[in-house]
Amino acid sequence: MIRVFQCEDTLTGILTGVYEAWDSRLGHDNVRLKTGWNENLELFCEYVQVEPDTKKAEKVLRTVRSRMGEEAYEMIGYASAYPDDRKADAIYRMIVLGLHLPDGKEVSRMLTHPDVQLVFELRRKAWHIAHRYMGFVRFRELENGVLFSEIDAEADVLALIAPHFADRLSGEHFMIYDRRRKKAAVHQAEGAWVILEDLQESCFLELSEAEQEKEFVMLWKTFHRAIGIDARTNKNLQASLLPKKFRSFMPEFAEMDNG
Amino acid sequence: MMEYRIEQQMELKEKLRILADAAKYDVACTSSGVDRQNRGRGIGNCIAPGICHSFSADGRCISLLKILFTNECIFDCRYCINRRSNDVPRASFTPQEVCDLTMGFYRRNYIEGLFLSSGIIVSPDVTMELLYQTLYKLRRAYHFQGYIHVKAIPGADEELIARTGYLADRMSVNLELPTAEGLKALAPQKQRPKMLAPIQQVQKMRTQNKEELTLYRHTQKFVPAGQSTQMIIGATGENDWQIMKVAEHMYKKYEMKRVFYSAFLRVNEDSLLPVLPGGPPLLREHRLYQADWLLRFYGFETEELLSEDRPDFNLLLDPKCDWALRHLEQFPVEVTKADYHTLLRVPGIGYRSAGRIVKARRLGALDYENLKKMGVVLKRALYFITCKGKQMYPVKMTEDYILRNLLDGKEKLPGTQAPLYRQLSLFDDPRFSV
């Protein structure tokens with residue numbers, strides 16, 4: 001009988017799952033981790049739901065950091081943001097492997113090991129998406145001076161990009177709202193950032209913008225159009241570097257309203 | 001809170017349109033090379049790999065607010081849209097306007113920073129002074145910590161260039177034409193030694209600054225992201241070998257961070273400018289960039305890639321494949337044993353995947369599936385490697401066979417149309433195509 005630990009699809013959820021699976025003392029071959037609740041059930045498996053627990057997750061994270069190094073820590077953090085059913089189990093196996101090595105730091109270099117390879121691959125994909133959003137996020141200034149932005153990301157990148165913006169715009173109030181996951185990263189000027197979950201979409205429908213907002217959008221569109229060289233026009237290249245799915249919140253790709 | 005003054009709305013928009021349009025022929029738009037955290041001082045930071053914020057319709061990255069301070073110019077360079085004798089609308093920003101635009105765009109995450117270039121207004125000194133004032137205002141009054149790339153104006157006072165360098169992240173002087181002869185023909189008012197002078201000055205000051213920084217950690221940094229330059233390709237008769245020699249010289253002698261190549265665009269009607277039938281030589285530009293990466297990251301030398309008898313790149317093949325095909329005696333390479341530098345020379349293996357191979361093979365056995373996962377392009381590499389003594393497929397190590405197969409691979413090339421389907425013929429062999 002295999003016991004399957006179903007975890008919430010967040011870093012905290014997965015790491016709590018790792019803790020519980022290890023703590024169950026059933027042997028690593030007899031446990032499995034899965035994210036999400038409504039899976040097709042398998043025969044000869046016992047399903048256990050894991051409630052995310054920050055304390056347990058933090059314990060695991062601390063162990064990973066001290067025994068397996070920064071590199072492995074970052075790999076796990078990023079990989080957990082990418083939507084892939086295999087990630088929770090791969091992260092578990094990688095941690096098991098890392099803690100059994102005499103030098104745990106080697107685990108991040110074991111790219112020929114299938115589980116490490118998967119975590120590495122997911123980390124690369126998540127990093128790629130996060131890096132793109134660092135550039136493609138567009139803020140609008142609201143009437144009260146808050147900078148507001150919406151994204152619709154495949155991977156759960158909020159926690160990955162928030163530190164970057166918190167450093168860059170340290171003196172601003174800002175908010176990045178993830179429409180797909182109904183959560184937001186919120187930063188207070190000269191303060192820390194937090195993630196708010198289970199938000200109501202309707203809160204963000206009618207926001208009144210600052211007076212100069214239209215001006216800057218118009219200036220940006222003007223710049224964006226003037227900077228392209230007509231004789232080199234290459235829409236395919238543009239589309240492969242900046243796919244359409246990113247464009248919905250970017251003002252330079254919205255219709256020009258007044259010249 | 002910041003204050004924005006945009007009273008003359010239409011005017012600022014029109015200025016921006018003119019001065020962005022005039023700046024678009026400058027290629028450099030990278031925001032890479034500096035890591036600077038904000039730590040609660042003012043606004044902005046920089047991250048070393050740089051960030052692309054948008055892409056224009058020509059597929060080029062937009063990362064900086066790339067504008068001219070003014071497109072007034074006392075020079076009359078034949079290739080340049082802003083030359084004195086051209087009848088184009090002229091405009092100039094004020095330092096305040098540049099600051100407003102930069103801050104407004106930066107807060108909204110439209111850009112990574114500012115790229116400020118300029119036509120020569122009144123004199124090089126006056127122009128440089130204006131650029132300096134703008135940067136000073138941005139850095140000191142607005143506490144802007146984002147990326148700034150600024151032009152060093154050849155002929156300007158050394159003191160001015162030095163002061164500007166302490167405010168900028170990157171400085172550049174465009175060589176424009178690869179050789180002094182080309183420059184004489186198309187830009188008679190510019191002189192090569194005069195253009196190299198600020199490059200040498202910045203290089204010297206950077207070296208001094210690095211020494212100071214090791215002694216005093218809090219010394220102000222001077223041009224921390226280094227220098228770059230740009231050459232126009234195809235306006236004058238230089239061949240690829242000459243161009244690459246110049247680039248190599250710039251990297252070695254002047255410690256340039258980047259050399260950019262820009263395919264010649266005929267923006268002016270001028271009897272001295274060539275008419276290139278196929279439009280701008282984009283494919284040639286692409287091959288030069290590929291070769292440029294081979295120089296910077298792959299340990300190649302120009303002499304290995306080209307020679308006086310073979311002065312131009314093969315347009316059909318990328319320079320690395322081309323080199324490998326002419327040196328088949330060095331292949332196949334055994335990936336489980338070869339050192340990093342040998343791996344770098346294999347087509348299909350990049351510097352990242354080479355690094356991963358070296359790391360991973362110490363801790364586990366490699367196979368082709370692993371190589372693929374590590375980012376090796378097996379489609380190209382398979383002719384040149386063995387893994388545990390075995391080739392991926394049995395392939396003949398002959399130049400013709402490999403060339404034919406590589407050309408079937410359909411590399412995505414700029415400036416070329418998708419191939420039309422055509423009738424097969426007995427003589428359908430790439431060796432016959434010229």
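As the structure is a computational prediction, the values presented were derived from the model and not from experiment. Below, chain A is the first sequence line, B the second, and so on; all start at residue 1.
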Short side-chain to backbone donor-acceptor contact, [X] and [Y], under 3.5 Å:
| X | Y | answer |
| --- | --- | --- |
| A:E172 | A:L169 | no |
| B:K388 | B:L366 | yes |
| A:N234 | B:G59 | no |

TODO: Heavy-atom distances under 4.5 Å only: say whether B:A22 touches chain A with side chain, backbone, both or neither.
DONE: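 For B:A22, there is no contact with chain A at all, as no heavy atom is under 4.5 Å.
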
Open item on the list: Quick check on B:L65 against chain A: is it the side chain, the backbone, both or neither that has a heavy atom closer than 4.5 Å?
Closed with: both

Taking [options] one by one, which has the highest count of heavy-atom pairs under 4.5 Å against chain B?
| options | value |
| --- | --- |
| A:A231, A:A226, A:A239, A:G228 | A:A226 |
| A:R109, A:R140, A:K235, A:R138 | A:R138 |
| A:F120, A:F246, A:F174 | A:F120 |
| A:E213, A:E252, A:R132 | A:E213 |
| A:H113, A:M110, A:Q117 | A:Q117 |

Would you mind telling me which of [options] has the largest number of heavy-atom pairs within less than 4.5 Å of chain A?
| options | answer |
| --- | --- |
| B:I51, B:I62, B:I47, B:N109 | B:N109 |
| B:R36, B:R362, B:Q37, B:R361 | B:Q37 |
| B:K66, B:R60, B:E369, B:R17 | B:K66 |
| B:C52, B:A20, B:S54 | B:S54 |

[Y] versus [X], side-chain donor and acceptor atoms under 3.5 Å:
| X | Y | value |
| --- | --- | --- |
| B:T336 | B:E334 | yes |
| B:D58 | A:Q238 | no |
| A:D167 | B:N38 | no |
| B:N71 | B:R90 | no |

TODO: Give a yes or no on whether a salt bridge exists between B:K24 and B:D21, defined as a side-chain N under 4.0 angstrom from a carboxylate O.
DONE: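 Yes, B:K24 and B:D21 are salt-bridged.
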
Task: Salt bridge flag under 4.0 Å for residues B:D169 and B:R139 - done: yes

Which bit of [X] is near chain B, if near means a heavy-atom gap under 4.5 Å: side chain, backbone, both or neither?
| X | value |
| --- | --- |
| A:E106 | both |
| A:F165 | side chain |
| A:V217 | both |
| A:I227 | both |
| A:R124 | side chain |
| A:P114 | neither |
| A:F253 | side chain |

Task: Residue pairs passing the side chain to side chain donor-acceptor pair (under 3.5 Å) test where at least one lies in residues 153-164 of chain A, sequence neighbours excluded - done: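 Counting only pairs at least two positions apart or across chains, the side chain to side chain donor-acceptor pair (under 3.5 Å) contacts touching residues 153-164 of chain A are A:E154-A:K245, A:D156-A:K183.
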
Task: Listed partners of B:F55 passing ring-ring contact (aromatic ring centres under 6.0 Å, His included), at least two apart - done: none

